[in-house]
Amino acid sequence: SGIFSTIWELDYEVIDMIPQRYVYPMNGFNPLIYMYGKALNQTSPIDPQSVVVEYAQQQLGLSADEGKRLYNLLIIPQVRFPQARPRADHLGRRKSYDEIIGELNMAVAELRKMKPTRNKIDLEHLKLMFDIRLNYVKFKRLESEINHPDATIASVSEYATRIGEIISTEKRLCKRFAQLQKGYLHP
């Protein structure tokens with residue numbers, strides 16, 4: 001799923017659809033499905049933190065402390081990047097690319113420390129989502145630097161090296177994605 005742009009042929013025939021925005025498949029969102037199920041089975045509002053901690057303990061075999069850390073990672077505000085610069089988050093704070101990348105690096109490191117004893121694939125999906133986001137933000141930072149008025153021809157070699165690293169990381173992420181989606185999505 002996602003957003004697609006269509007390419008039309010004569011007589012209004014669609015000849016191609018190009019993905020513009022990808023959405024991670026539903027099988028990566030078991031914590032949300034678990035929370036939704038909890039919400040359906042009670043009349044009072046759920047406490048998201050306690051449900052995530054419960055999920056971490058019951059479904060992943062993590063400790064309560066790890067569940068609290070997982071919750072804190074899941075509520076990290078997502079920042080959009082229109083016109084190649086970070087937009088303010090839901091609380092109105094504008095962060096630099098370096099701040100966002102630092103926060104994501106911390107989250108990725110924290111996720112890697114967690115060692116679930118059950119449903120390990122659920123945590124692998126979360127790790128991949130954070131890794132995809134991190135690589136995307138690195139790309140957006142580079143795009144911003146390349147398009148900045150202060151960018152010079154002398155920086156082209158550095159930019160080429162950095163885009164090469166981003167592309168290399170993307171290839172590894174695609175392989176992980178394909179492995180996690182094996183049997184879920186059609187090839």
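Because the structure is a prediction, the values reported are computed rather than measured.
- Here CD1 of Ile101 is found 9.5 Å from CG of Asn135. Values are rounded to the nearest 0.5 Å.
- Contact record, Lys115 with Glu66: N-OE2, 4.1 Å, taken as the closest heavy-atom pair.
- Considering only heavy atoms from C-beta on, Leu142 stays 4.5 Å or farther from Lys138 through its side chain.
- Of all heavy-atom pairs spanning Lys140 and Tyr97, the tightest one is O-OH, 3.6 Å.
- Between Met26 and Ile33, the shortest heavy-atom distance links the atoms CE-CG1, 3.8 Å.
- Taking OG1 of Thr117 as the reference point, atom CD of Gln59 lies at 11.0 Å (rounded to 0.5 Å).
- Put simply, the side chain of Leu180 reaches to within 4.5 Å of the side chain of Leu128, judged on heavy atoms.
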Applying salt bridge (Lys or Arg N to Asp or Glu O under 4.0 Å), run through Glu110 and Lys113 and close with a yes or a no.
CA-CA 5 Å; Glu110 188 64 35; Lys113 289 180 200 173; 3.7 Å; yes
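- For Ser155, the side chain to side chain contact (heavy atoms under 4.5 Å, CB included) partners two or more places apart in sequence, or in a different chain, are Thr152, Tyr159.
- Between Tyr136 and Arg133, some side-chain heavy-atom pair lies under the 4.5 Å cut-off.
- Take Phe139 and apply the side chain to side chain contact (heavy atoms under 4.5 Å, CB included) test, not counting sequence neighbours, and it matches Glu143, Ile163, Ile166.
- You'll find the side chain of Leu73 stays beyond 4.5 Å of the side chain of Leu126, heavy atoms only.
- Under a hydrophobic-cluster definition in which Ile, Leu, Val, Met, Phe, Trp and Tyr are linked whenever side-chain heavy atoms come within less than 4.5 Å, directly or via other members, Tyr55 and Ile46 are assigned to the same cluster.
- A salt bridge links Lys127 with Glu124: the distance from a Lys NZ or Arg NE/NH1/NH2 to an Asp or Glu carboxylate oxygen falls below 4.0 Å.
- In this structure, Ala151 and Ile146 approach most closely via the heavy-atom pair CB-O, 3.5 Å.
- When all heavy atoms of Ser63 and Gln57 are compared, the pair lying nearest together is C-CG, 4.0 Å.
- Note on Ile167 and Leu134: separate hydrophobic clusters, where clusters join Ile, Leu, Val, Met, Phe, Trp and Tyr whose side-chain heavy atoms are under 4.5 Å apart, directly or indirectly.
- A continuous path of Ile, Leu, Val, Met, Phe, Trp and Tyr side chains, each step under 4.5 Å between heavy atoms, connects Ile75 with Met35, placing both in one hydrophobic cluster.
- What you find for Ala56 and Gly67 is that their closest heavy atoms are CB-CA, 3.5 Å.
- Between the NZ atom in Lys68 and the CG atom in Leu62 there is a gap of 13.5 Å [rounded to 0.5 Å].
- A distance of 13.0 Å separates CZ in Arg118 from CG in Leu123, rounded to the nearest 0.5 Å.
- Within the 4.5 Å cutoff, side-chain heavy atoms of Ile76 are placed close to those of Glu103.
- With hydrophobic clusters built from ILVMFWY side chains whose heavy atoms lie under 4.5 angstrom apart, Leu111 does not share a cluster with Val53.
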Determine, step by step, whether Phe29 and Met129 satisfy the side-chain contact (heavy atoms from CB on, under 4.5 Å) criterion, reporting the C-alpha distance in whole Å, the side-chain angles of both residues, the deciding distance to 0.1 Å, and the verdict.
CA-CA 10 Å; Phe29 293 98; Met129 285 184 228; 4.0 Å; yes
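- Tyr34 OH to Asp122 CG: the interatomic distance, rounded to the nearest 0.5 Å, is 12.0 Å.
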Run the side-chain hydrogen bond (donor to acceptor under 3.5 Å, both in side chains) check on Ser144 and Arg141 step by step: do they pass?
CA-CA 5 Å; Ser144 175; Arg141 176 178 63 184; over 6 Å; no
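- Interatomic distance, Phe130 CZ to His125 NE2, rounded to the nearest 0.5 Å: 14.5 Å.
- Asp131 and Arg176 are joined by a salt bridge, as a carboxylate oxygen and a charged side-chain nitrogen come within less than 4.0 angstrom of each other.
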